[in-house]
Amino acid sequence: MQNARTARKAASTMHRVMEYASKPQSGVTLQELLEFGSDITPAKLIHSAKFLHHEMPIRYAHRVKDLDTLPYGLCQMPSVQQVKQWYIHSMEELLAFPKVQTAADERRFTSMIESIKDRHNATLFTMARGVHELKMAMVAAERNGDLGITMADMIDLHSFLDGFYLSRIGIRMLMGQHIALHEKENGWVGSICEATSPAEVALAAVDTARHMCIRQYGDAPDVELHGDTNFTMPYVPSHLHHMLFEVMKNSMRAVVEFHGVDNALPAIKLIVADGDHNEDVSLKISDEGGGIPRSALPRIWSYMYTTANSQAFDSMIGDSMPMDFGGESPLAGLGYGLPISRLFARYFGGDLQIISMEGYGTDAYLHLRRVGDASEPLP
Ligand code: ADP
Ligand code: MG
């Protein structure tokens with residue numbers, strides 16, 4: 001009896017997933033978010049809630065469907081099942097919420113959004129664990145001589161995860177923006193700062209990265225700022241901080257390990273360039289940390305080469321699920337720094353590239369799109 005009911009419930013859930021996954025997702029641009037969010041009124045907040053109420057179940061359903069079609073047994077891994085349950089739970093919660101019509105509805109909707117956002121805090125970490133579980137299963141299979149998974153499969157898996165994580169950035173941006181629109185602050189539209197100064201954000205990222213580097217190695221290289229350090233543009237400072245912080249941490253570590261902490265450390269250069277046509281803003285982080293061999297370059301963008309072992313994953317989970325980001329992020333050292341930073345850049349139409357000269361150093365180019373009229377890439 002109980003089993004029949006559970007099975008019926010699961011079937012109707014999957015039916016809803018398929019229904020909503022067949023609807024198209026609607027992308028937004030940075031420009032649209034800015035225009036919509038300026039001079040926020042209670043009526044606009046209701047409008048924004050209505051948009052999320054419509055859009056989020058569709059995006060969640062798309063992801064559940066994707067997770068279900070994950071190949072190579074990855075969708076069976078316990079961690080991936082866990083992530084899927086979060087997505088289903090959130091989709092169902094949104095669908096069960098009544099139509100948002102009044103300011104009171106909107107407030108209740110916003111607190112639901114806040115709890116949904118928290119529910120998904122550890123998605124990256126949990127997916128990383130799923131990939132690790134898959135790798136363990138593969139190692140066992142290899143021992144038995146039936147590996148059945150090829151390098152091409154791994155590349156597919158990488159594109160899947162790239163799309164999945166990119167979509168996550170989008171959903172969290174929309175939720176975060178709606179929540180932040182409730183706090184009015186001069187010069188800010190939700191989480192977008194109209195006059196974001198790349199140089200200023202870079203300095204803050206440098207500061208945190210240097211602290212971490214000094215704590216770990218006892219010393220850290222200086223960072224010199226060059227180029228157009230005065231200009232500003234509308235952007236999400238937290239995204240920019242994330243990218244610059246990850247790149248900076250890598251450069252500092254490379255410099256210290258290449259030169260040795262007892263020797264003079266060559267400064268890292270950070271160059272800011274504002275394009276003539278009001279189009280691109282580029283930042284270059286240039287280090288003399290010995291570079292990366294070209295043969296290792298594909299690996300730096302991969303989610304599959306984590307060096308962490310099972311114990312590392314277990315020890316990171318205490319009583320509660322960890323957060324993906326933040327000071328003591330459990331993702332540190334899992335090889336997610338560069339690929340996730342590149343997704344943050346691409347989300348608003350930019351990109352991140354790494355050019356290395358083995359034996360000398362590495363240049364990281366971060367391109368941001370200044371006009372902000374690129375629609376979110378929606379996998
Ligand atoms: P993590 O730092 O967690 O290993 P990242 O994605 O940030 O993951 O970097 C992946 C790898 O790329 C690093 O482990 C390192 O081997 C290499 N790498 C990245 N940036 C640099 C750099 N500036 N100089 C030398 N190696 C680098
Ligand atoms: Mg890193």
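One-based numbering, in listed order, for ligands and for the atoms of each.
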Open item on the list: Check this for me: does any side-chain nitrogen of one of E92 and R16 sit under 4.0 Å from a carboxylate oxygen of the other?
Closed with: yes

Open item on the list: Assess whether a salt bridge exists between R370 and D274, defined as any Lys/Arg side-chain N lying under 4.0 Å from an Asp/Glu carboxylate O.
Closed with: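 Yes.
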
- [ ] Say whether A254, considering both its backbone and side-chain N or O atoms, lies within less than 3.5 Å of an N or O atom on ligand 1.
- [x] no

Task: Test of proximity, N250 against ligand 1: N or O pairs below 3.5 Å - done: yes

Only heavy atoms of [X], strictly under 4.0 Å: list the atoms of ligand 1 that pass.
X: G291; result: 25 (C)
X: P339; result: 6 (O)
X: I292; result: 18 (N), 21 (C), 25 (C), 26 (N), 27 (C)

- [ ] Give the contacting part of L338 toward ligand 1: side chain, backbone, both or neither, where contact means a heavy-atom distance below 4.0 Å.
- [x]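 For L338, backbone and side-chain atoms both sit under 4.0 Å from ligand 1.
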
TODO: Answer side chain, backbone, both or neither: which part of D287 comes under 4.0 Å from ligand 1, heavy atoms only.
DONE: side chain

- [ ] Please check if the distance between the ring centroids of H62 and Y20 is under 6.0 Å.
- [x] no

Task: Proximity of H47 and F36 rings by center, below 6.0 Å - done: yes

- [ ] Assess N250: does it contribute an N, O or S atom lying under 2.8 Å from the Mg ion (ligand 2)?
- [x] yes

- [ ] Apply side-chain contact (heavy atoms from CB on, under 4.5 Å) to the pair I271 and L283, showing each step before the final yes or no.
- [x] CA-CA 6 Å; I271 301 118; L283 287 95; over 6 Å; no

TODO: Please work out whether the ring planes of H242 and F344 are parallel, tilted or perpendicular, with thresholds of 30° and 60°.
DONE: tilted

Open item on the list: Does any part of the side chain of Y365, heavy atoms only, come nearer than 4.5 Å to the side chain of I285, both counted from C-beta?
Closed with: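 They are not in side-chain contact.
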
TODO: Using heavy-atom distances, let me know which of V255, I300, T362 sits nearest atom 22 (C) of ligand 1.
DONE: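 It is T362 whose heavy atom sits nearest to atom 22 (C) of ligand 1.
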
TODO: Check if G289 has a non-hydrogen atom at a distance under 4.0 Å from any atom of ligand 1.
DONE: no

